[in-house]
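Fair warning: this is a prediction, and the values are worked out from it, not measured in the lab.
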Amino acid sequence: MIIRIPDMLQRHEAEVLRGLLLNGAFEDGRTTASGQAALIKNNLQLARGSEARKQADQIVRDAVARSQKLRDKTLVKMVAPPTYNRYDIGMEYGDHVDAPSLNDGRFRADLSMTIFLTDPADYDGGDLVMNHGDVETRIKYGVGEAVVYPTTVRHHVAPVTRGSRLAAVTWLQSYIGDPLQRQILVDLSDAKNQLEARQPDAPELTTLKNALFNLLRAWWQP
Ligand SMILES: O=C(O)CCC(=O)C(=O)O
Ligand SMILES: [Fe+2]
């Protein structure tokens, strides 16, 4: 499932974050890439260890912790520290798959997230393109909007042909590793919440909750 979160960042958070990035020191994205990634990755990243990066991380952490939709749709357990990417004219990130784990294997990457930080009117190209066999999904959202997609999906960032594209990119571990199980739980939770809102005394609500809670218990990975 691909999830769109329109209000991932509040307007002022996006403005502060953009200000930090526009004034920040960037380094070649290849410094954190090796092997194949170093050949296909042609972008810039906010320098590690900088004060700007600490402030940026705090903004993203707060936004992620606040987002009800992110919690409900992903059953998120942990979020990795983001990278902040800039693609100027001619830059791109070729077709690739993201690593299955981070932090020396202590963190499993279930979901990838891009928070868009440039108005789509201000650049051409730079779409985040997911490849599902013969079909592609092209994504380019407004400032402060996020897309969350399965880390299992091949993807690339198309070359920027006008302007410059800024984005924060990070990875999520879910309490439910299996995407099918996660989808079942998200659907059942939606149904339970809708029924509870509409008819809190519905007799079948307890049965639905019993099934949902037992599946959560069976599949939860603390
Ligand atoms: O910039 C993006 O939207 C995604 C970048 C990406 O695929 C990555 O950093 O692995
Ligand atoms: Fe990627």
Side-chain angles (χ1 to χ4, degrees), residues 1-26 29 32 43-48 50-89 91-93 98 102 109-130 136-151 153 155-174 186 190:
M1 204 197 356
I2 300 175
I3 303 156
R4 180 177 193 166
I5 304 183
D7 55 354
M8 189 71 220
L9 297 181
Q10 293 167 349
R11 191 189 295 255
H12 76 274
E13 288 175 329
E15 270 163 26
V16 173
L17 191 47
R18 273 180 55 77
L20 287 168
L21 300 190
L22 290 171
N23 294 312
F26 278 75
T32 57
N43 66 5
L44 300 165
Q45 286 174 187
L46 188 63
R48 285 162 295 168
S50 65
E51 186 54 36
R53 188 145 171 179
K54 276 188 217 135
Q55 292 177 33
D57 284 354
Q58 190 59 46
I59 292 173
V60 174
R61 246 198 311 272
D62 289 349
V64 162
R66 193 178 53 228
S67 176
Q68 178 82 35
K69 181 163 182 182
L70 186 78
R71 256 198 315 279
D72 289 351
K73 297 290 179 193
T74 66
L75 303 170
V76 59
K77 177 184 180 189
M78 288 192 285
V79 182
T83 50
Y84 303 91
N85 295 342
R86 194 175 96 204
Y87 298 78
D88 295 335
I89 291 175
M91 293 185 179
E92 65 183 307
Y93 195 160
D98 293 341
L102 294 106
D110 294 319
L111 296 157
S112 306
M113 174 161 78
T114 293
I115 305 176
F116 292 83
L117 295 170
T118 304
D119 188 328
D122 293 340
Y123 66 104
D124 290 330
D127 299 64
L128 172 59
V129 184
M130 294 166 205
E136 283 182 353
T137 312
R138 304 185 79 88
I139 301 206
K140 192 194 257 195
Y141 290 161
V143 174
E145 290 194 68
V147 63
V148 182
Y149 58 101
T151 305
V153 172
H155 58 278
H156 67 273
V157 177
V160 168
T161 56
R162 178 182 65 90
S164 181
R165 172 197 193 265
L166 288 171
V169 173
T170 190
W171 291 269
L172 279 57
Q173 179 171 336
S174 173
V186 168
D190 279 354

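Put simply, the side chain of Ser50 gets close to the backbone of Ala47: a donor and an acceptor are under 3.5 Å apart.
By the side chain to side chain contact (heavy atoms under 4.5 Å, CB included) test, Arg71 is found to be paired with Gln68, Val76, residues two or more places apart in sequence or in another chain being considered. By the salt bridge (Lys or Arg N to Asp or Glu O under 4.0 Å) test, Lys54 pairs with Glu51, sequence neighbours left out. Here Arg61 pairs with nothing under the salt bridge (Lys or Arg N to Asp or Glu O under 4.0 Å) rule; sequence neighbours left out. Checked against side-chain hydrogen bond (donor to acceptor under 3.5 Å, both in side chains), Asp88 has the following partners two or more places apart in sequence or in another chain: Arg86, Ser164. Partners of Asp190 by salt bridge (Lys or Arg N to Asp or Glu O under 4.0 Å), not counting sequence neighbours, listed by chain and number: Lys73. Under the ring-ring contact (aromatic ring centres under 6.0 Å, His included) criterion, Tyr141 pairs with Phe116, sequence neighbours left out. Contacts of Tyr93 classified as ring-ring contact (aromatic ring centres under 6.0 Å, His included), with partners at least two apart in sequence or in another chain: His96. Applying the side chain to side chain contact (heavy atoms under 4.5 Å, CB included) rule to Ala167 yields the partners Thr114, Arg165; only residues at least two apart in sequence or on another chain are considered. By the salt bridge (Lys or Arg N to Asp or Glu O under 4.0 Å) test, Lys140 is found to be paired with no residue, residues two or more places apart in sequence or in another chain being considered.
Counted by atom type alone, Ser112 and Thr151 present one or more donor-acceptor pairs between their side chains at under 3.5 Å.
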Could you pull out every donor-acceptor pair under 3.5 Å between side chains of residues 15-25 and any protein atom, sequence neighbours left out?
from, atom 1, to, atom 2, distance (Å)
Arg18, NH1, Leu117, O, 2.7
Asn23, ND2, Gly19, O, 3.0

Name every donor-acceptor pair, under 3.5 Å, that has one atom in a side chain of residues 121-130 and the other anywhere in the protein, sequence neighbours excluded.
from, atom 1, to, atom 2, distance (Å)
Asp124, OD1, Arg162, NH2, 3.4
Asp124, OD2, Arg162, NE, 2.9

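Summarising the geometry of Gly142 relative to Pro120, their closest heavy-atom pair is CA-CD, 3.9 Å, with the distance given to 0.1 Å. Of all the heavy atoms in Leu102 and Ala109, the pair that sits closest is CD1-CB, 3.8 Å. Looking at every heavy atom in both residues, Arg138 comes nearest to Ala158 through NH2-CB, 4.0 Å. Contact between Asp57 and Pro82 at its shortest, heavy atoms only, is OD1-CD, 3.5 Å.
The shortest side-chain heavy-atom distance between Pro159 and Met91 does not fall under the 4.5 Å cut-off. Considering only heavy atoms from C-beta on, Asp72 stays 4.5 Å or farther from Val186 through its side chain. Contact annotation: the side chain of Asn43 never approaches that of Val157 to less than 4.5 Å [non-hydrogen atoms, C-beta and beyond]. Between Asn85 and Leu166 there is no side-chain heavy-atom pair separated by less than 4.5 Å. In this structure the side chain of Met113 reaches within 4.5 angstrom of the side chain of Leu70, judged on heavy atoms. Using a 4.5 Å heavy-atom cutoff, the side chains of Tyr149 and Asp98 are in contact. Counting heavy atoms from C-beta outward, Tyr84 and Arg53 have side chains that approach closer than 4.5 Å.
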**Request:** Step by step, work out the side chain to side chain contact (heavy atoms under 4.5 Å, CB included) result for Ser67 and Met8.
**Result:** CA-CA 7 Å; Ser67 176; Met8 189 71 220; 4.0 Å; yes
When you look at Thr170 and Thr83, which way does the side chain to side chain contact (heavy atoms under 4.5 Å, CB included) test go after all the steps? CA-CA 6 Å; Thr170 190; Thr83 50; over 6 Å; no
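Sorted by first and then second residue, the side chain to side chain donor-acceptor pair (under 3.5 Å) pairs involving residues 2-14 (not counting sequence neighbours) are Arg4-Glu145, Glu13-Arg66.
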